[in-house]
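Presented below is the structure to which this report refers.
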Amino acid sequence: MKKSAKNMQNYLDVLNEEQKAAVVHQGSPLLILAGAGSGKTRVITTKIAYLISEKNIEPWTILAVTFTKKAANEMKERAVALDERAADAQIRTFHSFGSWFLRKYAEAAGLSPSFTVYDDDDMATLLKKSLPSLSQKEVKAAARQIALAKDYCLGPEDDLSFIGSEFDLNEIYAEYQKRLRATGNADFGDLIMLPVLVMQKNPEIASYIHNRFKVIMVDEYQDSNIAQYKLLQMLSGIEEGNDSYVCVVGDDDQSIYHFRGAEVENILTFPEKFPGTQIIRLERNYRSTAKILEAAELVVNKNEKRLGKHLIADKGEGSKPVLTFLPDASSEAVFCADLIQKSLKAKEGGHYSDWALLYRTNAQSLAFEKEFIHRKIPYVIVGSLKFYEREEIKDALAYLSLFANPKDEISFRRVINKPTRGIGEKTQDKILESAISLDNEGNPIYKNLLEAAKELAPSLSKKAREGIEAFVKLYETVNTYLDNSAPLSKFVERIIQDSNLDEYHRAGDEIEGTGRVQNLQELVNSAVVYDGNMEGLLSFLDSINLDRSLDIQNEVASEDSVTLITLHNTKGLEYNKVIITGLEEGVFPRQDKVGADLEEERRLFYVGITRARNELYVTSSGKRLMYGSWQFMRPSPFLREASSAFTILGNKPFGFEVKRSAGPLTFGKSADTVFGSNSASSAISSLSEKWKKGVKLYHDDYGYGVISSTNTNGGEYVIEVTFEGGGKKKFLPAYQAKSLEIIKD
């Protein structure tokens with residue numbers, strides 16, 4: 001039943017002036033530039049209902065797409081609540097629409113009408129079957145790069161050199177496509193790219209789609225990739241002069257997913273690509289206080305590539321955000337725990353769920369988890385497992401536990417075939433059976449499982465025998481690494497490296513794999529305080545087991561918990577009180593971020609700041625465990641850019657000044673004493689001897705390259721490497737030498 005115009009007018013009356021202008025706009029293409037907390041979902045859902053109720057647009061001619069099923073469901077529910085006929089509109093995710101289109105035009109797309117969609121694992125499996133000569137690591141890398149090529153709407157015949165150079169991607173992509181098409185199925189990239197290709201090659205299909213969808217709306221447009229932009233272009237028929245109404249909603253300042261293929265240029269160039277575009281800015285913020293928004297604006301205003309807007313707080317001034325400088329990362333965890341506990345003890349009371357603690361990478365959660373566990377502060381990890389529950393951490397601990405106790409069956413089973421050594425479950429069962437003897441009372445007694453495996457090996461297949469020999473040799477070798485003169489972290493690091501556990505977990509998805517290796521490094525860091533002997537190892541394992549048992553005891557069914565979450569995962573969320581941690585060069589922003597990459601890191605900080613409703617705290621540590629040893633840290637350059645918006649606590653680093661000009665954070669000449677050693681010049685001289693122009697290198701992520709230039713910046717020796725793929729990256733060899741292998745001529 002159609003809702004009356006009077007009711008619709010009531011819905012319009014609750015909107016502010018800019019929101020209402022966006023809802024009633026018609027005719028030309030529209031870009032709704034929606035700032036954080038500006039009520040964009042209300043606008044887009046009201047607009048759908050308005051078009052149906054007031055402009056008599058047939059619901060089935062409306063297509064609205066977004067990125068997640070949750071967002072699409074919410075959009076549909078809210079639109080239907082305003083006008084029941086909105087249920088007939090196409091409100092979907094991008095991929096859901098692609099699937100609908102390809103079901104309809106399967107033959108034109110070269111698919112079976114009953115096609116299934118292959119996920120990442122299916123892609124890797126099919127690729128391995130297509131090209132058996134590829135190693136598992138190469139298969140995963142190629143699958144990732146093929147998916148990225150499809151995000152760019154590129155086929156195997158196109159130039160793919162900018163995506164990867166470690167193998168012939170075009171040839172591998174072509175073979176994969178042949179096998180995929182032979183199955184009649186599609187992968188996720190096809191769900192976006194194939195509709196574009198079908199409409200390009202079949203004008204009659206494109207014409208039908210243009211006539212079918214007279215209104216096309218896209219939510220979160222800043223997260224779109226090239227293929228999704230081309231799909232919008234084809235759906236709208238803009239190049240053919242089609243009169244479809246196009247409306248996109250997004251925020252260029254919240255474009256933070258370039259690593260997933262998102263292109264901020266899509267929203268920045270929308271007015272150029274869709275002539276006659278009107279831009280309506282939603283600048284009234286209903287989430288945060290004015291003081292918090294001031295800090296956010298000071299940060300993001302430093303970006304050159306943005307359309308620009310000024311957020312206005314609806315809820316008043318609020319208190320000034322607090323920036324706290326702390327001596328080290330351990331003090332940072334204590335400070336955050338103190339802050340939370342003191343707020344709950346205050347007269348006004350409060351809840352743990354008021355608080356969210358944000359960090360750049362998952363590996364940073366460990367220090368906070370340990371502190372919270374011991375203080376019995378309930379917490380929940382959003383978007384990832386708790387530190388000790390992560391697969392890579394369990395693997396590393398199993399290797400260590402088996403070294404400490406060679407009779408540990410659970411640890412033995414977990415790692416003997418990880419990475420794969422050709423030792424399956426049946427072989428493992430045989431080893432366990434051979435290791436068991438009975439005492440006088442008939443109770444089973446295990447002997448050393450490594451010895452049992454070694455004794456059984458000659459009777460097994462060649463592959464299993466070689467796998468067992470390699471596994472036993474690993475443990476015989478690492479036994480020599482326990483050294484009283486070195487911290488336990490060196491021993492832990494060698495086990496992870498010699499077992500190839502780091503390579504095994506790095507070989508997965510580029511982003512996930514990097515995160516897992518960082519988690520392993522964080523485990524190494526946590527072992528620094530223990531002696532490098534068996535007693536130190538046992539103490540280390542005991543402390544972890546205690547943490548894990550306390551964690552289980554502290555788990556409560558109540559939702560009243562502190563949220564621990566990465567900055568990327570906070571998108572779309574909000575909290576009463578927010579702490580953003582780790583604001584140091586090399587942590588946030590990440591190392592070697594320049595140009596567009598640095599601007600995205602800055603947008604990520606902006607997103608973190610604008611998650612806070614009432615209170616915002618930011619922390620920066622002067623010293624942090626990295627790569628198994630303490631590193632002196634410099635404050636993030638973002639802090640300098642926004643420092644005037646903060647109340648500053650703690651010992652302000654020497655040379656940290658509030659400056660209005662753009663550029664990197666600078667320090668006085670005596671900063672070497674504060675941030676490193678008094679012999680900085682000799683250290684730089686030593687580095688420049690080894691890492692000089694012309695030296696050939698290999699990097700796990702970027703491949704082969706050569707040092708093309710060197711310089712000293714802020715007391716640090718910096719090298720720039722030009723890689724075979726054409727990309728250039730900067731490194732600080734004082735801290736990143738482990739990721740760079742010098743190639744001898």
Side-chain angles (χ1 to χ4, degrees), residues 65-72 92-98 117-124 140-154 160 162-164 169 173 187-193 196 218-232 248-268 305 358-362 382-384 506-518 565-573 588-590 593 595-608 701-702 727:
V65 292
T66 187
F67 287 85
T68 67
K69 188 175 182 180
K70 180 182 177 182
R92 297 174 172 269
T93 65
F94 265 107
H95 288 98
S96 171
F97 171 78
V117 181
Y118 282 176
D119 62 15
D120 294 344
D121 290 339
D122 296 328
M123 282 184 71
K140 290 187 176 183
R144 184 175 67 245
Q145 291 176 16
I146 290 170
L148 187 58
K150 292 188 177 186
D151 285 344
Y152 282 103
C153 217
L154 297 173
L160 306 175
F162 72 98
I163 293 177
L169 181 59
Y173 187 0
D187 56 32
F188 276 100
D190 286 334
L191 296 182
I192 308 298
M193 186 170 79
V196 174
V218 183
D219 189 24
E220 301 285 5
Y221 189 61
Q222 79 281 346
D223 293 337
S224 61
N225 58 36
I226 296 299
Q228 287 159 339
Y229 155 70
K230 290 190 174 184
L231 179 60
L232 173 63
V248 300
V249 185
D251 182 3
D252 54 328
D253 291 334
Q254 295 189 71
S255 179
I256 58 173
Y257 295 124
H258 183 66
F259 66 91
R260 293 180 186 167
E263 290 290 338
V264 68
E265 293 292 332
N266 286 353
I267 192 168
L268 294 176
K305 288 192 172 184
L358 283 51
Y359 36 77
R360 180 63 179 79
T361 64
N362 277 316
V382 174
S384 68
R506 184 182 282 116
D509 173 84
E510 181 177 6
I511 304 302
E512 182 183 346
T514 300
R516 289 186 170 199
V517 173
Q518 288 173 341
I565 186 170
T566 65
L567 284 146
H568 278 103
N569 282 330
T570 62
K571 182 83 182 304
L573 303 176
F588 189 27
R590 298 282 294 279
K593 297 292 186 181
D597 289 340
L598 184 61
E599 292 210 349
E600 179 156 318
E601 291 278 301
R602 194 177 279 116
R603 291 194 295 269
L604 188 57
F605 190 29
Y606 170 85
V607 166
D701 293 332
Y702 307 117

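Any value given below was found using the heavy atoms of this structure, including those in side chains, with hydrogens, waters and symmetry copies removed.
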Under the side chain to side chain donor-acceptor pair (under 3.5 Å) test, residues paired with [X] that sit two or more places apart:
X    : result
Y257 : none
E599 : none
D251 : Q254, K309
Q222 : E220

Find the distance between [atom1] ([X]) and [atom2] ([Y]) and round it off to the nearest 0.5 Å.
X    : Y    : atom1 : atom2 : value
Q145 : L169 : CD    : CG    : 5.0 Å
I163 : D151 : CD1   : CG    : 9.0 Å
L148 : R260 : CG    : CZ    : 13.5 Å
I267 : D223 : CD1   : CG    : 9.0 Å
D187 : I192 : CG    : CD1   : 11.0 Å
R602 : F588 : CZ    : CZ    : 10.0 Å

By ring pair (Phe, Tyr, Trp, His ring centres under 6.0 Å) - contacts of F94 (at least two apart):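 For F94, the residues satisfying ring pair (Phe, Tyr, Trp, His ring centres under 6.0 Å) (neighbours in sequence not counted) are F67.
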Exactly one of K593, R590, R360 should register a side-chain hydrogen bond (donor to acceptor under 3.5 Å, both in side chains) with E601. Which one does?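 That would be R360; it is the only one of K593, R590, R360 passing the side-chain hydrogen bond (donor to acceptor under 3.5 Å, both in side chains) with E601.
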* Results of side chain to side chain contact (heavy atoms under 4.5 Å, CB included) for E600 - residues two or more places apart only ->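 Side chain to side chain contact (heavy atoms under 4.5 Å, CB included) list for E600, sorted by chain: H258, R603.
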Could you tell me whether the side chain of I565 reaches within less than 4.5 Å of the side chain of L573, counting heavy atoms only?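 L573 vs I565: side chains touch.
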